[in-house]
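This report refers to the structure that appears directly beneath it.
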Amino acid sequence: MSEQTLSNLMHEDRRFEPPAGLAADANVKEEAYARADSDREAFWASAAERLDWGQKWDQVLDWSNPPFAKWFVGGTINASVNCVDRHVDAGNGDKVALHWIGEPEDDTRDITYAQLKDEVSKAANALTGLGVQKGDRVAIYMPMIPEVVVAMLACARIGAPHTVVFGGFSADALASRITDCGAKVVITADGGYRRGAPSALKPAVDEAVTKLEDDELASKVLVVRRTGQDVDWDDDRDVWWHEAVDNASADHEPELHDAEHPLFVMYTSGSTGKPKGILHTTGGYLTGTSFTHWEVFDLKDDDVYWCTADVGWITGHSYMVYGPLANGATQVMFEGTPEKGRWWQIVQDYKVTLFYTAPTAIRTFMKQGREIPDAYDMSSLRLLGSVGEPINPEAYVWYREVIGGDRCPVVDTWWQTETGQIMISPLPGVTAGKPGSAMKALPGIAADVVDDDAQSVGNGNGGYLVLKEPWPAMLRTLWGDDERFKDTYWSRWKGLYFAGDGAKLDDDGDIWLLGRVDDVMNVSGHRLSTTEIESALVSHPKVAEAAVVGAADETTGQAVCAFVILRDSAGDGGEDIVEELRKHVAKEIGAIAKPRQIMVVAELPKTRSGKIMRRLLKDVAEDREVGDVTTLADSTVMDLIKSKSSGSS
Ligand code: ATP
Ligand code: MG
């Protein structure tokens with residue numbers, strides 16, 4: 001990306017120092033950066049020491065055959081033992097692991113670590129009873145109920161890698177994932193609750209099964225009864241959870257697995273194309289997630305942590321299941337989606353202290369207005385996190401002020417399904433945060449921003465975000481496709497992992513994510529980032545959310561097309577809203593970034609993890625057939641936008 005265009009962007013100068021108390025008592029202090037720099041492997045070895053191992057490792061990192069890393073070579077470990085048994089053994093069996101909150105009001109369950117251990121042990125025995133052996137894959141297609149956590153940990157316990165498929169995905173998406181990773185068993189539920197009503201899941205599994213070509217696939221389907229709705233039943237294949245699991249023994253002697261034993265396969269959210277089966281293994285993944293969870297959220301014994309992510313997304317794996325449970329945290333798990341005041345009611349009722357969500361949710365709440373959160377007592381909160389997309393400076397400041405009472409630091413965490421763990425983030429007790437910046441690579445992580453020739457761009461410049469050293473929770477390969485793994489991530493520049501994101505280093509060397517490099521637009525020879533124009537739009541008081549794409553244009557090569565959602569308080573924005581917003585962008589960034597076209601819409605197409613799918617909007621802007629929508633959270637959104645666009649042109 002050229003310097004000339006980036007130099008006039010991001011003139012953000014607000015700074016937020018860490019609260020004094022948090023800084024004084026922080027789990028990780030400034031010295032960690034230097035300690036990790038002086039001996040990266042020793043740093044990660046000490047992070048691994050926080051876990052319980054069987055056999056200790058002989059070698060921290062084997063990088064003799066890059067890009068195939070092995071961490072904690074020779075070590076043996078069981079992830080489920082680390083997430084449950086060891087807390088019970090340490091005398092914390094009565095500590096609540098999950099405050100589970102169902103979507104229907106008053107449908108709640110508190111589950112202690114001792115209870116979780118029993119449930120996981122029973123489920124492990126039941127899976128073994130269904131013929132699941134170490135190394136077999138299990139697909140999990142479930143709502144946000146405690147059994148999904150139990151199922152994942154039971155798989156980990158017996159060494160059967162799981163692949164969790166988001167419950168909102170179609171039968172086709174499920175069938176293709178079962179096929180790609182060769183899952184022998186599927187764990188599901190009759191249904192789950194969505195927007196106040198039971199919504200069926202089992203029929204999608206039944207349909208997926210008919211699409212499988214191999215009888216070995218999904219030969220057993222274990223079904224949790226959640227909603228009680230009617231389901232079709234195949235006596236040979238289907239098994240009720242409450243029969244198989246509830247009647248199983250709560251004694252299960254766990255086997256220790258090799259540190260590099262596959263833990264799970266997670267398909268990426270598909271914001272940019274066909275999902276990839278990311279493979280994570282056991283020892284390094286658990287080290288990276290548990291350590292960063294303790295580090296970035298400054299987790300203390302009495303914290304109540306809540307990550308709002310769906311378990312079908314990597315954030316649900318790393319920062320709801322494995323990281324927090326390995327740390328013995330007490331957390332909230334909520335079955336529903338964001339509705340007006342419900343989240344804040346939960347924060348108030350459960351005295352949540354650490355809260356982790358996505359920019360898309362924050363912008364939705366901004367749209368609705370601050371009166372809603374203002375009605376709740378959220379003084380328990382002490383730290384806020386963000387993940388999934390760049391957080392626009394305005395959304396960051398709103399989050400900090402309205403949700404965090406201007407007292408809680410915001411950690412903007414950059415990472416990917418592939419990285420497994422948070423890579424770039426402020427340290428809450430150390431970093432003076434800048435709204436919109438993910439700041440620095442965490443201790444032990446080597447990130448840089450480079451140009452086309454893999455040279456560091458240096459402060460004040462933009463380029464490609466790369467990772468220069470292996471890290472414990474890194475993906476090991478793409479399931480069954482080592483070549484695609486090498487091609488996708490390691491082929492652009494020798495020895496560098498290329499993440500696909502553009503970034504800028506500011507004058508202090510802090511990192512600003514600029515969105516996917518594939519989304520960078522070229523307007524009359526100027527390179528413009530989607531994130532920056534979107535942030536400029538969101539800084540207008542009438543705008544809650546914006547998505548920008550570059551559409552082919554005869555005169556300028558590409559032209560900026562914007563889709564905006566207005567705040568509720570703005571009404572329809574008034575007659576001149578489009579012109580007003582075009583001028584605003586010109587003022588904030590420059591005339592070159594002025595959108596050719598702005599469409600006011602009610603919704604934007606998003607993945608379940610809340611990412612805007614710009615490639616679909618680009619199809620609309622270029623008046624093409626809309627591409628693959630299988631990973632959209634709500635597939636009707638595109639029809640709405642298309643009808644609107646044909647109406648307006
Ligand atoms: P696919 O790779 O199939 O297109 P995906 O990249 O959307 O799917 P994820 O692994 O869930 O799937 O998303 C990782 C991406 O999310 C990052 O590459 C980055 O673009 C974006 N991202 C995540 N966190 C942040 C953040 N804090 N700031 C900016 N971008 C972020
Ligand atoms: Mg990606």
Side-chain angles (χ1 to χ4, degrees), residues 100-104 107 109 123 126-127 130 137-152 154-155 162-181 183-212 217-246 264 266-267 269-270 275 309-313 316-317 320-321 333-337 607-609 629-636:
W100 178 78
I101 300 156
E103 197 195 63
D107 186 4
R109 278 163 72 186
L127 287 174
L130 292 178
R137 275 80 62 204
V138 174
I140 298 179
Y141 184 69
M142 290 171 82
M144 286 283 283
I145 54 178
E147 287 81 357
V148 72
V149 177
V150 172
M152 289 165 75
C155 288
H162 54 70
T163 188
V164 180
V165 179
F166 168 54
F169 284 170
S170 64
D172 276 334
L174 176 61
S176 73
R177 286 162 177 74
I178 292 173
T179 303
D180 191 75
C181 74
K184 193 168 165 179
V185 166
V186 180
I187 310 179
T188 188
D190 50 357
Y193 287 90
R194 305 202 76 193
R195 300 193 186 97
S199 151
L201 277 175
K202 174 82 168 37
V205 179
D206 296 341
E207 190 188 332
V209 167
T210 65
K211 297 173 191 279
L212 303 174
L217 298 177
S219 58
K220 291 285 174 199
V221 176
L222 185 58
V223 189
V224 175
R225 186 143 72 198
R226 163 72 184 126
T227 58
Q229 58 203 125
D230 282 340
V231 288
D232 286 344
W233 204 256
D234 175 335
D235 286 329
D236 292 331
R237 195 187 63 218
D238 298 335
V239 180
W240 283 114
W241 175 283
H242 59 259
E243 286 168 6
V245 176
D246 292 1
F264 65 85
M266 170 96 255
Y267 290 84
S269 54
D310 191 277
V311 71
W313 181 30
H317 283 51
M320 192 185 87
V321 178
M333 176 177 179
F334 177 46
E335 185 184 26
T337 42
T607 64
R608 178 59 186 112
S609 61
V629 294
T630 50
T631 59
L632 265 185
D634 176 356
S635 52
T636 60

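Heavy-atom basis, side chains included; hydrogens, waters and symmetry copies ignored.
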For Asp234, does the CG atom have more than 12 heavy-atom neighbours from other residues, nucleotides or ligands under 6.0 Å away?
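Yes, enclosed.
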Would you say that [X] contacts [Y] through its side chain, given a criterion of any heavy-atom pair below 4.5 Å between the two side chains?
| X | Y | value |
| --- | --- | --- |
| Val186 | Arg237 | no |
| His317 | His162 | yes |
| Val311 | Val149 | no |
| Trp240 | Val231 | yes |

Are a donor atom and an acceptor atom from the side chains of Asp107 and Tyr193 found within less than 3.5 Å of each other?
no
Between Leu222 and Leu127, is the side-chain contact (heavy atoms from CB on, under 4.5 Å) condition met? List the steps.
CA-CA 9 Å; Leu222 185 58; Leu127 287 174; 4.2 Å; yes
Rounded distance (nearest 0.5 Å) linking atom [atom1] of [X] with atom [atom2] of [Y]:
| X | Y | atom1 | atom2 | answer |
| --- | --- | --- | --- | --- |
| Trp100 | Glu147 | CH2 | CD | 8.0 Å |
| Trp233 | Asp190 | CH2 | CG | 9.0 Å |
| Arg226 | Glu335 | CZ | CD | 4.0 Å |
| Arg137 | Asp180 | CZ | CG | 10.0 Å |
| Gln229 | Ser199 | CD | OG | 7.0 Å |
| Leu174 | Thr179 | CG | OG1 | 9.0 Å |

Pair Cys181-Tyr267, side-chain contact (heavy atoms from CB on, under 4.5 Å): steps then yes or no:
CA-CA 10 Å; Cys181 74; Tyr267 290 84; 3.5 Å; yes
What are the two closest non-hydrogen atoms of [X] and [Y], and how far apart are they?
| X | Y | answer |
| --- | --- | --- |
| Met142 | Val224 | CE-CG2, 3.7 Å |
| Val245 | Ala126 | CG2-CB, 3.8 Å |
| Val138 | Ala183 | C-CB, 4.2 Å |
| Ala171 | Ala208 | O-CB, 3.6 Å |
| Arg177 | Pro275 | NH2-CG, 3.3 Å |
| Ala309 | Met144 | O-CE, 3.5 Å |

What's the verdict on side-chain contact (heavy atoms from CB on, under 4.5 Å) for Ile178 and Tyr141, showing C-alpha distance, side-chain angles and the deciding distance?
CA-CA 10 Å; Ile178 292 173; Tyr141 184 69; over 6 Å; no
Stepwise side-chain contact (heavy atoms from CB on, under 4.5 Å) test for Asp246 and Trp241
CA-CA 7 Å; Asp246 292 1; Trp241 175 283; 4.2 Å; yes
Among Lys220, Lys202, Arg225, the one residue meeting salt bridge (Lys or Arg N to Asp or Glu O under 4.0 Å) with Asp238:
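The single option meeting the salt bridge (Lys or Arg N to Asp or Glu O under 4.0 Å) with Asp238 is Lys202.
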